[in-house]
Amino acid sequence: MPVPTIEWKQNKVKIIDQSALPAKMRFIYCASAQSIWNIIKYMKIRGAPAIGIAAAFGVYLGVRNSTNKNFAKDLSKTINYLATSRPTAVNLFWALERMGKIARKHKGEPVTKTKKILLKEAKNLLNEDKAICRKMGKFGSALIKSKDNILTHCNAGGLATADYGTALGVIFAAHSQKKKIKVYADETRPVLQGARLTAWELMREGVDATLICDNTAASLMASGKIDKIIVGADRIAGNGDTANKIGTYNLAVLAHHHKVPFYVVAPTSTIDTKIKTGKAIPIEERNPDEVRKIKNIYVSPRNVKVFNPAFDVTPNRFITAIITEKGILRKPFLRSIRKACAN
Ligand code: MRU
């Protein structure tokens with residue numbers, strides 16, 4: 001059963017509150033652009049494709065009560081506002097751009113019609129993501145052998161997308177093909193997406209899952225227990241440099257040292273061809289209390305200085321291949337990415 005990460009229900013956006021998982025399955029209903037901004041900013045919904053979909057619905061919610069006179073102004077205000085929710089995952093900006101573009105295409109037509117078109121476009125984005133995840137799953141699962149031990153980081157599952165996942169989509173596809181795989185999930189400090197969400201999703205699907213502390217990965221690789229690393233992405237530069245959850249770069253360097261293939265799974269909407277290298281990817285810094293506290297309890301001096309970047313950039317040379325809905329992209333990435341993004 002796919003996870004219903006985000007749905008359009010009763011004229012509202014219904015999402016699973018990911019901050020409550022796995023202890024509680026709680027839902028949040030959003031009826032305004034502001035509430036969409038909040039769920040993205042405070043990570044009630046997270047994961048690059050999922051926040052893009054939420055933002056697309058947010059655009060519709062921001063203009064649904066606009067009058068003819070205010071529509072254009074409200075539209076650009078809503079788009080600019082939602083763009084301030086989180087900076088790294090390019091899917092957010094990609095989705096906002098797509099919504100803006102379709103509205104502009106219908107400029108001059110009655111706004112009631114444009115509003116309907118915007119809602120339809122947000123629903124299209126949601127449904128397309130479901131199909132894209134399954135395509136990536138199909139391509140990526142061809143790389144997985146029975147008895148593979150796979151390591152993943154953060155949550156690139158159904159919860160990070162419309163419903164199936166990028167990195168976990170590949171794992172789910174391999175599992176459904178009856179390949180006997182074992183998956184190690186990094187806990188992923190400080191927000192614990194691996195412990196809270198990935199472990200939950202894997203177990204829900206009956207995948208053999210083992211949770212590890214982030215600092216266990218090196219010794220597992222050294223003892224030959226990892227055959228592949230599969231992660232998602234938040235933004236991929238034109239040369240293949242990849243921003244993903246903080247700690248991904250550590251894994252990539254370790255994988256290189258231990259000769260373990262390192263795969264990134266992401267839709268082409270995660271590729272930002274406007275930027276040439278990972279150096280131009282903006283990295284979000286989050287609230288220091290995420291590091292000072294675990295489950296709302298301080299585990300450090302309350303006023304200790306903290307550095308809390310949410311993402312890091314893995315240089316392209318450490319990436320074996322990038323699995324997209326267009327196929328598996330190999331080096332040189334500059335060329336394979338350009339080709340995949342051309343049509
Ligand atoms: O801060 P988050 O939880 O939004 O970060 C999510 C990740 O880094 C995921 O690995 C990435 O978005 C890929 S999701 C399919």
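Since this is a predicted model, take the numbers as computed values, not measurements.
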Look only at the side chain of [X] and the backbone of [Y], and say whether a donor-acceptor pair between them is shorter than 3.5 Å.
{"X": "R196", "Y": "L21", "answer": "yes"}
{"X": "S223", "Y": "S219", "answer": "yes"}
{"X": "E325", "Y": "T268", "answer": "yes"}
{"X": "H106", "Y": "I117", "answer": "no"}
{"X": "D272", "Y": "I236", "answer": "no"}
{"X": "T242", "Y": "G240", "answer": "yes"}
{"X": "H258", "Y": "L254", "answer": "yes"}

With a 3.5 Å cut-off and no angle check, do the side chains of [X] and [Y] form a donor-acceptor pair?
{"X": "N38", "Y": "K41", "answer": "no"}
{"X": "E121", "Y": "N124", "answer": "yes"}
{"X": "E285", "Y": "N308", "answer": "no"}

Taking only Lys NZ, Arg NE, NH1 and NH2, and the carboxylate oxygens of Asp or Glu, determine whether [X] and [Y] approach each other closer than 4.0 Å.
{"X": "R235", "Y": "D241", "answer": "no"}
{"X": "E109", "Y": "K107", "answer": "no"}
{"X": "R189", "Y": "D214", "answer": "no"}
{"X": "R98", "Y": "E128", "answer": "yes"}

Are any of the side-chain heavy atoms of [X] and [Y] separated by less than 4.5 Å?
{"X": "I246", "Y": "F311", "value": "no"}
{"X": "Q193", "Y": "M43", "value": "yes"}
{"X": "I15", "Y": "T5", "value": "no"}
{"X": "N316", "Y": "K331", "value": "no"}
{"X": "I144", "Y": "I230", "value": "yes"}
{"X": "I150", "Y": "Y184", "value": "no"}
{"X": "L126", "Y": "W8", "value": "no"}
{"X": "K182", "Y": "K225", "value": "no"}

* Test T270 against W94 for side-chain hydrogen bond (donor to acceptor under 3.5 Å, both in side chains), laying out the working first. => CA-CA 8 Å; T270 303; W94 170 86; over 6 Å; no
When rounded to the nearest 0.5 angstrom, what is the spacing between [atom1] in [X] and [atom2] in [Y]?
{"X": "F318", "Y": "H256", "atom1": "CZ", "atom2": "NE2", "result": "5.5 Å"}
{"X": "L334", "Y": "S336", "atom1": "CG", "atom2": "OG", "result": "8.5 Å"}
{"X": "E7", "Y": "K14", "atom1": "CD", "atom2": "NZ", "result": "5.0 Å"}
{"X": "I322", "Y": "F262", "atom1": "CD1", "atom2": "CZ", "result": "10.0 Å"}
{"X": "M136", "Y": "T161", "atom1": "CE", "atom2": "OG1", "result": "7.5 Å"}
{"X": "I45", "Y": "I51", "atom1": "CD1", "atom2": "CD1", "result": "8.5 Å"}

* Tell me, yes or no, whether the heavy-atom count around M203 atom CE, taken from other residues, nucleotides or ligands under 6.0 Å, exceeds 12. => no
* Before giving the answer on side-chain hydrogen bond (donor to acceptor under 3.5 Å, both in side chains), spell out for S269 and N91 the whole-Å C-alpha distance, their side-chain angles and the decisive distance to 0.1 Å. => CA-CA 6 Å; S269 54; N91 306 61; 3.3 Å; yes
* **Cation-pi, W200 ring and R204 (6.0 angstrom, 45 degrees)** => yes
* Taking a hydrophobic cluster as the set of Ile, Leu, Val, Met, Phe, Trp and Tyr residues connected by side-chain heavy atoms closer than 4.5 Å, whether directly or through intermediates, do Y263 and V260 fall within one such cluster? ->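 No, separate clusters.
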* To do: Keeping to residues at least two apart or across chains, list the side chain to side chain donor-acceptor pair (under 3.5 Å) pairs with something in residues 135-159.
  =>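 Output for this query lists R46-N155, S141-Q177, D148-K228, H153-D186, N155-T198, N155-E201.
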* **S19 vs D17, side-chain hydrogen bond (donor to acceptor under 3.5 Å, both in side chains): CA-CA, chis, key distance, verdict** => CA-CA 5 Å; S19 66; D17 178 356; 2.5 Å; yes
* For the pair D163 and R134, evaluate salt bridge (Lys or Arg N to Asp or Glu O under 4.0 Å) and give the outcome as yes or no after the intermediate values. => CA-CA 10 Å; D163 77 348; R134 281 156 182 83; 2.9 Å; yes
* Taking it one step at a time, do N244 and Y249 satisfy side-chain hydrogen bond (donor to acceptor under 3.5 Å, both in side chains)? -> CA-CA 8 Å; N244 190 49; Y249 178 32; over 6 Å; no
